[in-house]
Amino acid sequence: MIGIKSDVGNLRNLNEDYTEFYENEDFKIYVVADGMGGHNAGEIASKTASKSLIKYIRDNFKDINNTEILRKAIKHANLKVFNLAHCNETYNGMGTTLVACLITKDIIQVANVGDSSCYGIKFNKVTKITKDHSLVQELLDCGSISKEQAINHPQKNVITRAIGTEEMVDIDVFDIEKGKFEFFLMCSDGLSNEIDIEEVLSFEIEEKYLQNICEKLVDKAKINGGRDNITVMLFGGEV
């Protein structure tokens with residue numbers, strides 16, 4: 001079972017978010033990408049990155065070590081977006097954030113570039129796995145601003161890493177212990193900037209309600225402002 005919901009939000013005319021997944025008996029791969037707002041063809045960047053990543057893993061899963069394939073797939077996706085941006089003037093300057101989760105019989109890995117996020121959920125506890133690559137996160141880390149100031153910081157949407165903007169990309173990869181979480185939630189910042197996910201999901205989740213939970217999260221983000229595109233994906237943690 002999997003829940004997915006993507007919405008343009010209240011203020012945007014175009015949804016530059018993209019989400020995709022693939023599941024078989026050997027592995028599951030889930031991706032959420034957020035095309036960079038204010039740049040050309042953000043929706044092209046997010047779709048290209050997501051599809052390229054998944055295709056790379058499908059094509060190479062049996063030939064590359066499971067612990068390395070997600071990182072290699074994201075590097076491959078980065079080059080796809082970078083090359084596309086440099087061979088077509090219409091796409092010049094485009095980029096995207098990306099968060100992905102790979103689940104096999106042996107490992108679970110989460111990776112991110114930018115400020116799209118992944119959370120692990122077990123019982124009624126929600127834990128953020130990824131760390132945002134953003135200006136506000138850097139200010140938080142060095143103690144220049146408080147968590148309260150970060151919530152409405154005027155430069156909240158300034159990211160420090162993205163897919164496709166440079167030929168090389170720095171990727172954070174997190175190895176997750178099997179059984180540590182029952183479910184994973186991945187989302188674009190259009191959700192995490194509008195609601196406190198840890199607080200909203202402080203109840204025990206049942207698999208049959210995953211789609212309903214995603215829809216309610218998006219609705220709540222829109223009630224709270226819906227200033228950006230909003231995408232959320234909720235899925236279980238076993239193959």
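Computed over heavy atoms, backbone and side chain alike; hydrogens, waters and symmetry mates excluded. As the structure is a computational prediction, the values presented were derived from the model and not from experiment.
Nearest heavy atoms, Ile103 versus Val239: O-CG2, 3.3 Å. The two residues Cys187 and Ile197 have their closest heavy-atom pair at SG-CD1, 3.8 Å. Across all their heavy atoms, Val8 and Asn229 have their closest contact at O-ND2, 2.9 Å. Residues Glu23 and Tyr30 share a closest heavy-atom pair of OE2-OH, 2.6 Å. Scanning both residues, Val110 and Leu70, for their nearest heavy atoms gives C-CD2, 4.3 Å. Residues Val31 and Ala100 come closest through the heavy atom pair CG2-CB, 4.2 Å.
Ile171 CD1 to Lys75 NZ: the interatomic distance, rounded to the nearest 0.5 Å, is 6.0 Å. In this structure, CZ in Phe174 is found 9.0 Å from SG in Cys118, a value given to the nearest 0.5 Å. With rounding to the nearest 0.5 Å, the separation of CG in Asn124 from CD in Glu204 is 7.0 Å. Between the CD1 atom of Ile163 and the CZ atom of Arg161 there is a distance of 10.5 Å, given to the nearest 0.5 Å. A distance of 9.5 Å separates OG in Ser192 from CG in Leu185, rounded to the nearest 0.5 Å. In this structure, CE in Met94 is found 9.0 Å from CD in Glu43, a value given to the nearest 0.5 Å.
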Test salt bridge (Lys or Arg N to Asp or Glu O under 4.0 Å) on Asp172 and Lys131 and set out the steps.
-> CA-CA 8 Å; Asp172 286 354; Lys131 189 172 185 178; over 6 Å; no
Report the C-alpha separation of Leu234 and Leu217 in whole Å, then their side-chain angles, then the decisive distance to 0.1 Å, and conclude whether the side chain to side chain contact (heavy atoms under 4.5 Å, CB included) test is met.
-> CA-CA 11 Å; Leu234 184 58; Leu217 287 171; 5.7 Å; no
Should Thr165 and Met36 be marked as a side chain to side chain contact (heavy atoms under 4.5 Å, CB included) after you check the CA-CA gap, both sets of side-chain angles, and the distance that decides it?
-> CA-CA 10 Å; Thr165 56; Met36 291 168 62; 3.8 Å; yes
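With sequence neighbours excluded, the residues that form a ring-ring contact (aromatic ring centres under 6.0 Å, His included) with Phe27 are Tyr22, Phe61. For Phe21, there are no ring-ring contact (aromatic ring centres under 6.0 Å, His included) partners at least two apart in sequence or on another chain. The side chain to side chain donor-acceptor pair (under 3.5 Å) test applied to Asp189 returns Asn193, not counting sequence neighbours. The salt bridge (charged side-chain N to carboxylate O under 4.0 Å, His left out) search around Lys51 returns Glu20, not counting sequence neighbours. Judged as a ring-ring contact (aromatic ring centres under 6.0 Å, His included), and not counting sequence neighbours, the contacts of Phe181 are Phe184.
Put simply, the side chain of Lys178 reaches to within 4.5 Å of the side chain of Ile108, judged on heavy atoms. Taking 4.5 Å as the limit, some side-chain heavy atom of Tyr56 sits within range of a side-chain heavy atom of Ile64. Counting heavy atoms from C-beta outward, Glu198 and Asp196 have side chains that approach closer than 4.5 Å. Looking only at side-chain heavy atoms (C-beta outward), Asp175 and Ile107 stay at 4.5 Å or farther from each other. No side-chain heavy atom of Ile44 sits under 4.5 Å from any side-chain heavy atom of Thr90. Between Ile74 and Leu53, the closest side-chain pair of non-hydrogen atoms falls below 4.5 Å. Val81 has its side chain out of reach of Tyr91: every pair of non-hydrogen atoms, C-beta onward, lies at least 4.5 Å apart. The closest side-chain heavy-atom distance from Cys87 to Leu84 is below 4.5 Å.
Residue Ser188 is tested with Asp34, Asp17, Thr19 for a side chain to side chain donor-acceptor pair (under 3.5 Å); the sole match is Asp17.
A donor-acceptor pair shorter than 3.5 Å cannot be found between the side chains of Thr104 and Asp106. A side-chain donor from one of Ser6 and Thr231 sits under 3.5 Å from a side-chain acceptor of the other.
For Thr97 (side chain) and Ala33 (main-chain N/O), no donor-acceptor pair under 3.5 Å exists by modelled atom type. Gln109 places a side-chain N or O within 3.5 Å of a backbone atom of Thr67 that can act as its donor or acceptor partner. Judged by distance alone, the side chain of Asp228 and the main-chain N or O of Gly9 form no donor-acceptor pair under 3.5 Å. Ser50 places no side-chain N or O within donor-acceptor distance of the main-chain N or O of Lys47, the cut-off being under 3.5 Å. Looking only at distances, no side-chain donor or acceptor of Thr130 sits under 3.5 Å from a matching main-chain atom of Ser117. Remark: the backbone N or O of Glu199 is paired with a side-chain donor or acceptor of Ser202 at under 3.5 angstrom. Of the possible donor and acceptor atoms, none in the side chain of Lys28 sits under 3.5 Å from a partner among the backbone N and O of Gly237. Proximity of a side-chain donor or acceptor of Asn224 to a complementary backbone N or O of Glu194 within less than 3.5 Å is detected. A side-chain donor-acceptor contact under 3.5 Å links Asn78 to the backbone of Glu167. Side chain of Asn10 to main chain of Gly225: a donor-acceptor pair is present (N/O by atom type, distance under 3.5 Å, no hydrogens or angles).
In terms of hydrophobic clustering, with Ile, Leu, Val, Met, Phe, Trp and Tyr side chains grouped at heavy-atom distances under 4.5 Å, Val32 and Ile159 are assigned to different clusters. Connection of Phe183 to Ile29 is not established within any shared hydrophobic cluster, with ILVMFWY side chains joined at heavy-atom distances below 4.5 Å, either directly or through further cluster members. When hydrophobic clusters are built by joining Ile, Leu, Val, Met, Phe, Trp and Tyr residues whose side-chain heavy atoms come closer than 4.5 Å, directly or via intermediates, Ile2 is grouped together with Met186. By the criterion of side-chain heavy atoms lying less than 4.5 angstrom apart, applied directly or through intervening Ile, Leu, Val, Met, Phe, Trp or Tyr residues, Ile230 is grouped together with Ile213 in one hydrophobic cluster. A single hydrophobic cluster is seen to contain both Ile205 and Ile195, as judged by linkage of ILVMFWY side chains at heavy-atom distances under 4.5 Å, directly or through other members.
Annotation for Lys72: atom NZ does not count as buried by contact number, only 12 or fewer foreign heavy atoms lying within 6.0 Å. More than 12 heavy atoms of other shown residues, nucleotides or ligands fall within 6.0 angstrom of atom CD in Gln211. Counting heavy atoms of neighbouring residues, nucleotides and ligands inside a 6.0 Å radius, atom NZ of Lys125 does not exceed 12 of them.
A salt bridge is defined here as a Lys NZ or Arg NE, NH1 or NH2 lying under 4.0 Å from an Asp or Glu carboxylate O, and Lys5 with Asp219 fails to meet this definition.
Applying the ring pair (Phe, Tyr, Trp, His ring centres under 6.0 Å) test to residues at least two apart or on different chains, none of the pairs has a partner in residues 103-144.
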